[in-house]
Amino acid sequence: MKRFLPIFLFLITASLWSQVVKMVAIERGTFVPLYGATSKEPVAVKAFYLDVYPVTNAQYLAFLKKYPENTRSKIKGLFADKSYLSHWASDYNYGKANLGNAPVTNVSWFTAKKYCECQGGRLPTMDEWEYVAMADEKRIDARTKESFNKYIMSWYEKPNTYANPVGETFKNYWGVYDMHGLVWEWTGDFNSIFLSGESRKDKDTDKNLFCGSASINATDLMNYAAFMRYAFRGSLKASYTTKNLGFRCAKDK
């Protein structure tokens, strides 16, 4: 019996791992984003695949062991600031205080992008992320539901949700978890709206992104939850890391 125990444990681990890295198909569709459209006409989103869960500490550790140039002690300052993985115990140890199945955070856009590319994928675009994130359990677009928006806004006020395991929030229409309620997430073009707009030309405007100045030309002035996301993205640089910012990967379909 003892001979088979390691094999049995390996099979269980492999099974759990396959569940965590699962992707789901997101069918093509259209939606009107808060920003980015020249008018209120819908934007088309092509079909793609998206991770069911954010990338976890355990998954990121496996990545670091394979690509050690991305570890905390070896990463170049150009690609990640000083707080990169600062909550980990060491290069290859995320520490007893951090769960293996909690989302990895304190990672930069550069390192998140590298991770996804090494998995044969990429970071989702902002439109792809928002398209999936507008769904609740039953509706593709739940943005007009007061209860849905209250849920998102109440999460923004909760501390330390990044320490929770993935998969404990609701499963949305597409079969995706944790779009809201766990961590903020990087997108491939995270601040493209502001880089191409007037707010990047005006330093004072840039400082006021969290104060509602970004609402100019928005398609829905009542979507405060989306305002917060776009403002947060617009305040980031690709090398920034923070304890409540993680990511998930996408693939073309």
Assess whether side-chain contact (heavy atoms from CB on, under 4.5 Å) is satisfied between Y60 and F247, documenting all intermediate values.
-> CA-CA 11 Å; Y60 201 76; F247 70 100; 4.2 Å; yes

Audit row: D252, R122, salt bridge (Lys or Arg N to Asp or Glu O under 4.0 Å) steps and yes/no = CA-CA 9 Å; D252 295 333; R122 56 176 174 78; 2.8 Å; yes

Can T56 and Y94 be said to form a side-chain contact (heavy atoms from CB on, under 4.5 Å), step by step?
-> CA-CA 11 Å; T56 65; Y94 45 78; over 6 Å; no

Could you walk me through whether F190 and W129 pass the side-chain contact (heavy atoms from CB on, under 4.5 Å) test, one step at a time?
-> CA-CA 10 Å; F190 64 96; W129 196 97; over 6 Å; no

Go through R139 and T144 one step at a time and tell me if the side-chain contact (heavy atoms from CB on, under 4.5 Å) criterion holds.
-> CA-CA 11 Å; R139 297 171 58 178; T144 59; 3.7 Å; yes

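Between the CE atom in M134 and the CD1 atom in I152 there is a gap of 12.0 Å [rounded to 0.5 Å]. Of the inter-residue distances, the one linking Y177 atom OH with E168 atom CD reads 11.0 Å to the nearest 0.5 angstrom. To the nearest 0.5 Å, the span separating NZ on K138 from CZ on F170 amounts to 13.0 Å. Expressed to the nearest 0.5 Å, how far CD1 of I75 lies from CD of E69 amounts to 8.0 Å. Considering OG1 of T111 and CZ of F79, their distance stands at 10.5 Å, rounded to 0.5 Å.
Within the 4.5 Å cutoff, no side-chain heavy atoms of K113 are placed close to those of W186. Annotation: side chain of L182 is in contact with side chain of P54 (closest heavy-atom distance under 4.5 Å). A 4.5 Å side-chain heavy-atom check between F232 and L245 finds at least one atom pair inside the cut-off. Annotation: side chain of R248 is in contact with side chain of L50 (closest heavy-atom distance under 4.5 Å). Counting heavy atoms from C-beta outward, R229 and Y156 have side chains that approach closer than 4.5 Å. For the pair Y92 and L61, the minimum side-chain heavy-atom distance is below 4.5 Å. Residues Y49 and V24 are not in side-chain contact: their nearest non-hydrogen atoms beyond the backbone lie 4.5 Å or more apart. At least one side-chain heavy atom of L85 sits under 4.5 Å from a side-chain heavy atom of V104.
Using a 4.0 Å cut-off between a side-chain N of Lys or Arg and a carboxylate O of Asp or Glu, K253 and E27 qualify as a salt bridge.
With sequence neighbours left out, the side chain to side chain contact (heavy atoms under 4.5 Å, CB included) criterion links K243 to N106, Y162.
Nearest heavy-atom pair across Y115 and C249 is CD2-SG, 3.7 Å. Minimum interatomic distance between T105 and H87 (heavy atoms only, all atoms of both residues): O-CE1, 3.3 Å. Heavy-atom minimum distance, T30 versus A44: CG2-CA, 3.9 Å. Closest approach of E128 to P124, counting heavy atoms only: OE1-CA, 3.4 Å. In terms of heavy atoms, L64 sits closest to T71 at CD2-N, 3.8 Å. Closest non-hydrogen pair, N70 versus Y84, comes out as O-OH, 2.5 Å.
When the shell of 6.0 Å around OH of Y173 is examined, it contains 12 or fewer heavy atoms from other residues, nucleotides or ligands. Within 6.0 Å of CZ in R28 there are 12 or fewer heavy atoms belonging to other residues, nucleotides or ligands. Heavy atoms of other residues, nucleotides or ligands lying less than 6.0 angstrom from CD of E146 number 12 at most.
The hydrophobic clustering, which links ILVMFWY residues whose side-chain heavy atoms are closer than 4.5 Å, places I26 and I140 together. Hydrophobic clustering (side-chain heavy atoms under 4.5 Å, transitive across Ile, Leu, Val, Met, Phe, Trp, Tyr) groups Y240 together with M126. Under the 4.5 Å side-chain heavy-atom criterion for Ile, Leu, Val, Met, Phe, Trp and Tyr, M228 and F148 are members of the same hydrophobic cluster. M179 and F31 fall within a single hydrophobic cluster, where Ile, Leu, Val, Met, Phe, Trp and Tyr side chains are chained together by heavy-atom contacts under 4.5 Å.
Classified by interplanar angle (parallel below 30°, tilted 30° to 60°, perpendicular above 60°), the ring pair W184/W155 is tilted.
With W109 as reference, L123 is the one residue of N191, L123, L236 to meet the side-chain contact (heavy atoms from CB on, under 4.5 Å) rule.
A donor-acceptor pair under 3.5 Å is absent between the side-chain atoms of D178 and the main chain of V166, judged by distance alone. Looking at D127, its side chain never comes within 3.5 Å of a backbone N or O of V45 through a donor-acceptor pair. The main-chain N or O of A163 is never found under 3.5 Å from a side-chain atom of N98 such that the two would form a donor-acceptor pair.
A donor atom on one side chain and an acceptor atom on the other are not found under 3.5 Å apart for T125 and D189. Between S83 and T241, the side chains place a donor N or O and an acceptor N or O closer than 3.5 Å (distance only, hydrogens not considered).
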